[in-house]
Amino acid sequence: MSSRRGPWPHRLGRRLRGSLWPIPVLGVALAIGLGIAVPALDEALGGDTPFTFAFGGGPSAARDVLAAIAGSLVSVTGLTFSLTVVALQLGSSQYSPRLLQTFTRDRVVQLTLAQLVLTFVYALTVLRTVRTQDDAAGTTAFVPRLSITLAYLLTLGAVVGLLLFLGHLARSLRVETMLRDVHDEAMLTYDEELGAGATQPAPTLPDGPATPLPARSSGFLVHVDEGRIAAAAARCDAVVLLHARIGDAVVAGAPVAHAWLTGDPGPLREALDAGVELDFERHADRDVGQGLRTVVDVVSRALSTGVNDPTTAVHGLGHVSALLGDLAHRPLGPGVHTGPGGEVRLVVPQWSFADLLHLALEEPVQYSEGSPAVLRRLAALLREVAWRAPHGLADDDLRHWSDRLAVVAGRTADLPPGQVEVWRGELEDALAGRWAPR
């Protein structure tokens with residue numbers, strides 16, 4: 001499947017939402033428009049303005065003011081965002097590189113950059129309209145008083161916006177804020193992709209051998225145009241089973257799907273190539289596992305010997321527990337798409353709760369040895385998930401992870417004797433719906 005031939009409206013919309021430049025570019029366009037329109041209004045008024053607070057200096061003063069605004073703002077913009085990038089690099093190295101995605105999608109960052117470049121470009125555009133009197137050339141002096149007054153007001157707004165941005169940046173670099181942002185983004189993805197209701201049973205697939213449909217390029221699966229592929233399968237009288245979930249890695253030459261059909265698979269290959277989008281990184285907008293993966297990265301990095309921050313790990317595990325508890329009540333079955341007659345045409349796999357539990361616990365349990373606080377939080381996480389999950393959904397999986405945790409706890413000093421047995425008993429109480437502290 002090709003990342004260059006995916007469903008372009010979705011790809012374009014996702015790239016615009018996840019890029020830093022679209023809103024600042026709109027700010028530049030608006031600045032150019034204002035820099036042309038407002039001086040034209042000034043010229044139509046003939047230099048007379050009904051506002052007493054309008055700029056009252058001559059052409060030389062006007063040039064000085066506009067040049068000072070433009071020069072200072074471009075310097076402040078470059079310095080501010082250089083320091084921001086350095087701070088984010090330090091944060092990503094300590095917590096997780098995937099947290100940089102939240103910075104580029106941050107509307108406060110985008111609007112602040114737009115405000116700074118808008119004021120800079122507007123001042124430059126107005127500067128070109130200031131004229132001094134030249135009798136030899138037959139030109140008269142012109143000072144766009146309203147335009148310069150607006151440039152002054154925009155500069156004041158940029159200063160206020162810069163102060164607010166620095167406060168926002170200081171909050172954003174706190175690990176608690178980063179975890180909250182990832183949590184909120186993950187919940188939005190769950191609402192959009194999973195909704196609510198019961199998990200549908202897996203559909204019955206045709207008997208007999210299936211035709212493999214290999215991928216034409218490599219990358220992470222970020223979007224599937226289910227309607228296009230299902231329509232092509234209906235035209236070919238085929239049933240398509242996609243192997244990769246959204247967020248999984250796809251390798252060129254390996255089967256990305258199998259199809260049960262009797263005719264030429266060529267049209268189906270073309271539809272699959274156009275309907276499956278790959279990218280060089282995962283994205284949170286359709287990837288159910290991405291938010292959980294990012295939080296687990298923060299927890300794992302906090303438990304590393306280089307960082308050694310069990311408090312951050314404990315806070316991150318609280319978010320993991322909340323996300324797993326919410327996912328326990330979501331329909332996590334495969335997506336089934338039918339043709340005009342109601343027959344199954346496309347099956348798109350989805351994360352199972354057991355897979356999500358494995359993703360959430362594999363690394364934290366492995367790295368928790370030697371940290372009693374993290375072990376206690378992991379035991380509480382298992383108990384909280386057991387309490388929230390429907391009966392029978394993950395009982396065996398939770399017991400399996402409890403056994404794994406017991407092995408790690410057995411190699412950790414400073415735990416009270418019999419603590420593991422207490423945790424196991426509390427987990428069984430939670431699975432039975434009658435948990436109380438022991």
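Keep in mind the model is a prediction, meaning the values are calculated, not measured. Side-chain atoms are counted along with the backbone in the values below, which use heavy atoms only and exclude waters and symmetry mates.
H283 contributes no side-chain N or O that, together with a main-chain N or O of H223, makes up a donor-acceptor pair within less than 3.5 Å. Panel note: side chain T189, backbone V288; no donor-acceptor pair is recorded below 3.5 Å. Listed for the S300 side chain is no donor-acceptor partner under 3.5 Å among the backbone atoms of D297. Side-chain atoms of S321 do not come within 3.5 Å of backbone N or O of G318 as any donor-acceptor pair. At least one donor-acceptor pair under 3.5 Å links the side chain of Q115 to the backbone N or O of G157. In terms of modelled atom types and a separation under 3.5 Å, the side chain of W260 and the main chain of G208 share a donor-acceptor contact. Formation of a donor-acceptor pair under 3.5 Å by the S402 side chain with backbone atoms of L398 is not found in this model. Looking only at distances, a side-chain donor or acceptor of S218 sits under 3.5 Å from a matching main-chain atom of A252.
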Could you check E192 against D285 for side-chain contact (heavy atoms from CB on, under 4.5 Å), going step by step and ending with a plain yes or no?
CA-CA 9 Å; E192 294 178 349; D285 53 353; 5.6 Å; no
Test log, rule side-chain contact (heavy atoms from CB on, under 4.5 Å), inputs Y122 and L66
CA-CA 9 Å; Y122 174 78; L66 293 172; 5.9 Å; no
Show your working on side-chain contact (heavy atoms from CB on, under 4.5 Å) between W423 and L415 and close with a plain yes or no.
CA-CA 12 Å; W423 289 343; L415 283 177; 4.2 Å; yes
For S217 and L278: C-alpha separation, side-chain torsions, deciding distance, then whether side-chain contact (heavy atoms from CB on, under 4.5 Å) applies.
CA-CA 8 Å; S217 63; L278 305 180; 3.7 Å; yes
For R383 and D429, run salt bridge (Lys or Arg N to Asp or Glu O under 4.0 Å): C-alpha distance rounded to whole Å, both residues' side-chain angles, the deciding distance at 0.1 Å, then the answer.
CA-CA 9 Å; R383 186 171 62 244; D429 290 345; over 6 Å; no
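In this structure, the side chains of V250 and F220 stay at 4.5 Å or more apart for every pair of heavy atoms. Counting only heavy atoms from C-beta outward, the side chains of L332 and L356 approach each other to under 4.5 Å. In this structure, the side chains of F120 and V76 stay at 4.5 Å or more apart for every pair of heavy atoms. Looking at V298 and M178, their side chains never come closer than 4.5 Å, going by heavy atoms from C-beta outward. Using a 4.5 Å heavy-atom cutoff, the side chains of I23 and L113 are not in contact. Counting heavy atoms from C-beta outward, V365 and V408 have side chains that approach closer than 4.5 Å. At least one side-chain heavy atom of L381 sits under 4.5 Å from a side-chain heavy atom of L324. Looking only at side-chain heavy atoms (C-beta outward), P97 and R301 come within less than 4.5 Å of each other.
In this structure, the separation between OG1 on T112 and CG on L164 is 8.0 Å, given to the nearest 0.5 Å. For the atom pair L357 CG and E362 CD, the distance stands at 11.5 Å (nearest 0.5 Å). Atoms CD and NE2, from E176 and H183 in turn, are 14.5 Å apart once rounded to the nearest 0.5 Å. A distance of 9.0 Å separates OG in S147 from CG in L34, rounded to the nearest 0.5 Å. Within the model, atoms CD1 of I32 and OG1 of T125 stand 5.5 Å from one another, a figure rounded to the nearest 0.5 Å. In this structure, the separation between CD1 on I246 and CD on E277 is 10.0 Å, given to the nearest 0.5 Å.
The number of heavy atoms from other shown groups lying within 6.0 Å of OH (Y190) is above 12.
In summary, the side chains of E369 and T412 do not present any donor paired with an acceptor at a separation below 3.5 Å, with no hydrogens or angles considered. Judged purely by distance below 3.5 Å, without hydrogens or angles, the side chains of Q290 and R293 never pair a donor atom with an acceptor atom.
Shown here for A328 and P390, the closest heavy-atom pair between the two residues is O-CD, 3.5 Å. When all heavy atoms are compared, the tightest approach of L303 to P364 is CD1-O, 4.0 Å. Residues P265 and L213 share a closest heavy-atom pair of CB-CD2, 4.5 Å. Closest heavy-atom contact between G291 and V182: O-CG1, 3.6 Å. A271 and I229 make their closest contact through O-CG1, 4.0 Å (heavy atoms, listed as atom of the first residue, atom of the second, distance). Residue L393 comes nearest to A389 through the heavy atom pair CD2-CB, 4.3 Å, listed as atom of the first residue, atom of the second, then distance.
In this structure, the side-chain hydrogen bond (donor to acceptor under 3.5 Å, both in side chains) partners of E281, at least two apart in sequence or on a different chain, are Q101. Judged as a ring-ring contact (aromatic ring centres under 6.0 Å, His included), and not counting sequence neighbours, W387 has no contacts.
Pairs passing the side-chain hydrogen bond (donor to acceptor under 3.5 Å, both in side chains) check and including a residue from residues 236-250, sequence neighbours excluded, read D237-R345, H243-H258, R245-D248, R245-D355.
Salt bridge present: D191 and R330 bring a charged side-chain N and a carboxylate O closer than 4.0 Å. Ion pairing of E270 with R216 is absent here, as no side-chain N (NZ or NE/NH1/NH2) approaches a carboxylate O to less than 4.0 Å.
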